Amino acid sequence: MSSSSSLYRRLHGLFAQNHKVTVKLNTDKPKTTSLTSTKPTSKLPDEQELQTIIDNFKKSSESPKFRNRIINYRTAIRRLKNNSSAIQDIFEHQKQYPEISNELFVSRLILLYGTAKMHEHARKLFDEMPTLKCKRTVFSFNVLLEACIRAEKYDIIRELFRELPEELSIEPDVVSYNTLIKALCKAGSLDSAVSVIDEMENQGIKPDKVTFSTLLNTYHESKKFSEAEDFWVLMQKKNVAADMGIYSVRLRGLVANNQVNEAIELFEEMGKKEIIPNAFSYNLMIKMYVDDRNWEEAKRWYVKMVENGRYPDSATFVMLIHFACDKDNLDFALELCKKSIDSNVTVHNATMQRVVNILAEHSKLEEAKELVNLAKSYKRFRYKLLLPWLHMRFMW
DNA sequence: ATAGGGTTAG
């Protein structure tokens, strides 16, 4: 790096510091107005606030419209943080409404108990369903399994599987088995998860793309790439209808293991099978070359993406803009920034700022200014870009 | 309706 750029950096540092002070002087509340985004500290509600949330929720629950919107329950859970007795309080309150005999409604509550890490309450509500005049099918059984996963109680799921279907005469379906597999994967028992395939086939249930997707992904996560290979072959043998998603999982695995040729091959295979690669597929290919510092190929895949009518998204722009900056390819960096604004795609503020800075560093002041102004016209996000050159001129 | 798959910078 040249000495002029290090001078620039020092000036910029000074500038940034001064700027913060100015912000503080101009406002009465300096706590959250810093340019570097500081999240407001989320504190636990005190007793008074807690009671208000509970009372308001119960009041709102009187409206059937309110009860029909799951988002209201999710919001309440979030606001109540980990206060399980408060959550139990508002959920118990729901039992007086007719929806409590609706399997979907109760299932949502069971799932939310899981989200709140209250697996015992989830189980209790499941057990109460007959008393609540609510039918209980494999659907709510699956939901109970999922609630345990959300509560990270993986070991219970095996037991539930052994105990409940027989007791309640529920036939586990493909979703039940896929959920069991997910639980075993999360618990780190990949081998037993795989053996569930045999188990389900013995019960006459065909593993599907979700089954294979979950397992393939776990192979990749535990870096067992050659086993992932065998597993992919097994999937072909089982004639599982592949889709975009499972190809994405496979492609991600190949990229993670730096199997460049195999990744290209798979990409082409997708086209032949009429699984049209989407932006995510292209991003994977671009990322592979960006990580490899191969500018030519990264750019080639970007061009290919645009030519094939896939819209570059935030990930595409951020990856390539930084790479272009690394390579001092200012024209391309600027072009990408303009295109992102033009196509209504938001990138990180720091990414856009880096291009402004690097343009200024290379005395391309007009272009830097142009970009800052262009960013001002962007409606979906308010970029906060600084024009360092103004300040440098002032210092000189 | 419940189960999976998703990135990008510092």
Side-chain angles (χ1 to χ4, degrees), chain A residues 36-37 68 70 102-112 114-115 122 126 135-150 157 161 170 172-186 193 196 200 205 207-221 235 240 242-253 255-256 275 277-291 298 302 305 310 312-326 333 336-337 340 345-355 357-358:
Chain A
T36 51
S37 72
N68 197 26
I70 177 74
N102 177 322
E103 189 176 18
L104 176 59
F105 183 81
V106 175
S107 294
R108 284 171 171 170
L109 297 185
I110 291 175
L111 272 179
L112 284 170
T115 308
F126 179 82
K135 74 171 170 170
R136 197 168 44 181
T137 68
V138 65
F139 183 85
S140 34
F141 170 67
N142 292 344
V143 159
L144 178 63
L145 299 179
E146 177 62 25
C148 291
I149 290 185
R150 293 195 187 175
I157 291 168
F161 226 88
I170 286 173
D173 62 7
V174 68
V175 177
S176 323
Y177 282 102
N178 286 344
T179 310
L180 172 63
I181 287 173
K182 183 166 79 161
L184 291 167
C185 286
K186 284 193 185 276
V196 174
M200 59 202 287
I205 292 162
D208 64 1
K209 53 197 171 189
V210 177
T211 319
F212 281 87
S213 178
T214 308
L215 288 164
L216 190 61
N217 210 25
T218 310
Y219 276 117
H220 295 154
E221 274 165 18
M235 191 186 87
V240 176
D243 67 351
M244 184 70 234
I246 190 126
Y247 266 89
S248 295
V249 174
R250 164 89 171 145
L251 195 59
R252 205 154 64 102
V255 170
I275 297 168
N278 60 13
F280 179 72
S281 331
Y282 282 99
N283 285 345
L284 281 172
M285 300 305 285
I286 294 170
K287 182 178 162 43
M288 183 167 72
Y289 288 113
V290 167
D291 289 348
Y302 167 74
M305 175 181 196
R310 299 292 112 186
D313 61 11
S314 166
T316 323
F317 285 122
V318 172
M319 266 189 305
L320 288 174
I321 289 170
H322 281 280
F323 197 21
C325 288
D326 291 345
L336 288 163
C337 286
S340 76
V345 174
T346 311
V347 301
H348 300 125
N349 195 76
T351 305
M352 200 65 88
Q353 182 67 59
R354 187 179 175 197
V355 179
N357 291 353
I358 208 164

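What you see is a predicted model, and the numbers here were worked out from it, not measured in a lab. Values below: every heavy atom of this structure, side chains too, minus hydrogens, waters and symmetry copies.
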Nearest to side-chain heavy atoms of [X], which nucleotide of [options]:
X        : options              : answer
A/Asp208 : B/dT7, B/dA3, B/dA9  : B/dA3
A/Asn283 : B/dT7, B/dA9, B/dA3  : B/dT7
A/His348 : B/dG4, B/dA3, B/dA9  : B/dA9
A/Leu104 : B/dA3, B/dG4, B/dA1  : B/dA1
A/Phe139 : B/dT8, B/dT2, B/dG4  : B/dT2
A/Lys287 : B/dA3, B/dG4, B/dT7  : B/dT7
A/Thr179 : B/dA3, B/dA9, B/dG4  : B/dA3
A/Arg354 : B/dT8, B/dG4, B/dG10 : B/dG10
A/Val210 : B/dT2, B/dG4, B/dA1  : B/dG4

Inset, instruction - Verify side-chain hydrogen bond (donor to acceptor under 3.5 Å, both in side chains) between A/Ser140 and A/Glu103, making sure each step is shown before the conclusion. - result: CA-CA 7 Å; A/Ser140 34; A/Glu103 189 176 18; 2.5 Å; yes

Inset, instruction - Hey, could you give me the CZ/CG distance between A/Phe161 and A/Leu144, rounded to the nearest 0.5 Å? - result: 11.5 Å

Legend entry - From A/Lys209 atom NZ to A/Asn178 atom CG, the distance as rounded to the nearest 0.5 Å: 11.5 Å

Separation of [X] atom [atom1] from [N] atom [atom2], in whole Å?
X        : N     : atom1 : atom2 : result
A/Leu145 : B/dT2 : CG    : P     : 15 Å
A/Ile110 : B/dA3 : CD1   : P     : 13 Å
A/Glu146 : B/dG4 : CD    : P     : 6 Å
A/Glu221 : B/dG4 : CD    : P     : 12 Å
A/Ile205 : B/dT2 : CD1   : P     : 19 Å
A/Leu216 : B/dA3 : CG    : C1'   : 16 Å
A/Ile170 : B/dT2 : CD1   : C1'   : 13 Å
A/Asn102 : B/dT2 : CG    : C1'   : 14 Å

Legend entry - ring pair (Phe, Tyr, Trp, His ring centres under 6.0 Å) involving A/Phe317 - partner list, sequence neighbours excluded: none

Inset, instruction - For A/Tyr247, check ring pair (Phe, Tyr, Trp, His ring centres under 6.0 Å) against everything at least two apart and list the hits. - result: A/Trp232

Inset, instruction - Verify the stacking flag for A/His322 against B/dA9: centroid separation must be under 5.5 angstrom and the ring planes must differ by under 30 degrees. - result: no

Inset, instruction - Please state whether the base of B/dT2 and the side chain of A/Ser107 form at least one donor-acceptor pair under 3.5 Å? - result: no

Inset, instruction - Report yes if a donor N or O on one partner sits less than 3.5 Å from an acceptor N or O on the other, where the partners are the side chain of A/Thr214 and the base of B/dG4; otherwise report no. - result: no

Legend entry - Residue-phosphate contact under 4.0 Å: A/Arg250 side-chain N/O, B/dG4 OP1/OP2: no

Inset, instruction - Looking at every strand, decide which applies to A/Leu320 at a 4.0 Å heavy-atom threshold: base, sugar-phosphate, or nothing. - result: nothing

Legend entry - Ring centres under 6.0 angstrom apart (A/Phe141, A/Phe126): no

